[in-house]
Number of protein chains: 2
Amino acid sequence: MAERRDKASADHPFAYEGLDRVIHERARLSLLTSLVAHPQGLTFAALKQLCDLTDGNLFRHLQTLESEGIVSAAKTPGTGRPQTLVRLTAAGRRRYFDYLAVLETVIVDAARNTQLARRKPPRASSRG
Amino acid sequence: MAERRDKASADHPFAYEGLDRVIHERARLSLLTSLVAHPQGLTFAALKQLCDLTDGNLFRHLQTLESEGIVSAAKTPGTGRPQTLVRLTAAGRRRYFDYLAVLETVIVDAARNTQLARRKPPRASSRG
DNA sequence: CCGCGATACTTTGTATCGCAAAGTTCGAGC
DNA sequence: GCTCGAACTTTGCGATACAAAGTATCGCGG
């Protein structure tokens, strides 16, 4: 049941449509992996350092992620210098893990098919 | 020069600079995964079907991959309709697996860090 | 108090690149 | 011979990643 999208997968076994473009981008993948490791949130500067991004680059990607509801940016309301604290939302975390699952599929596919390939190409996907 | 990269990795643990932009693109990742599974090569039409790509799109990505020496495209020399047979080169296969290794690192990192995160966020602010 | 530099964030411009629609060539069928 | 269709190829548009430059605030020294 509920194999509607699997139908497409069956027709196009290597399409990997589940690879969200929003998350798949290297910089954003880095950011999200960082944030997963720090559920209490990370500052702008910390993210910049961890992911080796320039200011503008980081800002742009954070904007994208925030507009998608994947991260939330809260500015410290105190009188001191307002530092943005970036956190991963629940939906964002779920979406991230969903993406990771697809990545694992890619890796498993590659590994399994490589096994077959190394043994010998018996029949090259005759039917599916 | 190459050691500098490791140094950078140490400073920026989540940068994942090893994620080759050429391979990381979804369509090309699909193509390479397909080709890994079919060392005898695949035709233009087969790749189009497997990866669910349009003609122009497929052509463009094959161009990119070929110019990088990742795949080789050989046209059937027979008198019949010349069909391009695309194969993964040895260098391409190596590069692909190198990329996959980095992907695995991402997944492992995420999984490990998630373990810590799932235990519980002990204190909201890391440093006071 | 006022300038000076540093830090945190934002804006803007460019160059790249993914994507698909249209074009071209070749073979098969009528 | 002409048409239809499949296999490629070309072209143009739109999105976006990237970084350089700009703005605002804080802390320090005069």
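Model, not experiment: these values are computed from the prediction. All values below were derived from every heavy atom in this structure, side-chain atoms included, with hydrogens, water molecules and symmetry-related copies excluded. Chain A is the first sequence line, chain B the second, and so forth, proteins listed ahead of strands; every chain is numbered from 1.
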Whole angstrom is fine here: how far is it from [atom1] in [X] over to [atom2] in [N]?
X	N	atom1	atom2	value
B:Gln63	C:dG18	CD	C1'	13 Å
A:Leu85	C:dA8	CG	P	14 Å
B:Phe59	C:dT25	CZ	P	14 Å
A:His24	C:dG18	NE2	C1'	12 Å
A:Arg28	D:dT16	CZ	P	8 Å
B:Leu31	C:dG18	CG	C1'	13 Å
B:Lys48	D:dG5	NZ	P	14 Å
A:Leu58	D:dA19	CG	C1'	13 Å

Point to revise | Reported CD1-to-CG distance for the pair A:Ile70 and A:Leu88, which is rounded to 0.5 angstrom | key: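 Answer for the CD1-CG pair, A:Ile70 versus A:Leu88, is 8.0 Å.
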Review point. In Å, rounded to the nearest 0.5 Å, how long is the span from CG of B:Leu35 to OG of B:Ser72?
Key: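 Nearest 0.5 Å value for the CG-OG distance: 9.0 Å.
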Point to revise | Distance below 4.0 Å between B:Lys75 side-chain N/O and C:dC26 OP1 or OP2 | key: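 For C:dC26, neither OP1 nor OP2 has a side-chain N or O of B:Lys75 closer than 4.0 Å.
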**Study point:** Residue list, side-chain contact (heavy atoms from CB on, under 4.5 Å) with A:Ala45, at least two apart or on another chain
**Key:**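 Scan of A:Ala45 (side-chain contact (heavy atoms from CB on, under 4.5 Å), adjacent residues dropped) gives A:Thr43.
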Give every donor-acceptor pair under 3.5 Å between a side-chain atom in residues 103-111 of chain B and any protein atom, sequence neighbours left out.
unit_1	atom_1	unit_2	atom_2	d
B:Thr105	OG1	B:Ala101	O	3.1
B:Asp109	OD2	B:Tyr16	OH	2.6

**Study point:** salt bridge (charged side-chain N to carboxylate O under 4.0 Å, His left out) partners for B:Asp98, two or more places apart
**Key:**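 By the salt bridge (charged side-chain N to carboxylate O under 4.0 Å, His left out) rule, B:Asp98 matches no residue at all.
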Review point. When the C1' atoms of the five terminal pairs at each end define the local axes, what inter-axis angle does the helix from C:dC1-D:dG30 to C:dC30-D:dG1 show, to 10 degrees?
Key: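 Between the axes fitted at each end of the helix from C:dC1-D:dG30 to C:dC30-D:dG1 lies an angle of 10°.
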List, with names and distances, any nitrogen or oxygen atoms from the protein found under 3.5 Å away from nitrogen or oxygen atoms belonging to nucleotides 19-22 of chain C.
unit_1	atom_1	unit_2	atom_2	d
C:dC19	N4	B:Arg60	NE	3.3

Check your understanding: So which pairs with a foot in residues 31-52 of chain B pass salt bridge (charged side-chain N to carboxylate O under 4.0 Å, His left out), sequence neighbours left out?
Key ->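 Sorted result for residues 31-52 of chain B: B:Lys48-B:Asp55.
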Output side-chain donor-acceptor pairs under 3.5 Å for residues 56-64 of chain A, partner residues at least two apart or in another chain, one line each.
unit_1	atom_1	unit_2	atom_2	d
A:Asn57	OD1	A:His61	NE2	3.0
A:His61	ND1	A:Arg28	NH1	3.1
A:Thr64	OG1	A:Arg60	O	3.2

Using distance only, find each side-chain donor-acceptor pair of residues 18-25 of chain A under 3.5 Å and give its atom names and separation, not counting sequence neighbours.
unit_1	atom_1	unit_2	atom_2	d
A:Asp20	OD2	A:Arg95	NE	3.4
A:His24	ND1	A:Tyr99	OH	2.6
A:His24	NE2	B:His24	O	2.3

Point to revise | Partners passing side-chain hydrogen bond (donor to acceptor under 3.5 Å, both in side chains) against A:Ser30 (at least two apart in sequence or in another chain) | key: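 Partners of A:Ser30 by the side-chain hydrogen bond (donor to acceptor under 3.5 Å, both in side chains) criterion come out as none, since no residue qualifies.
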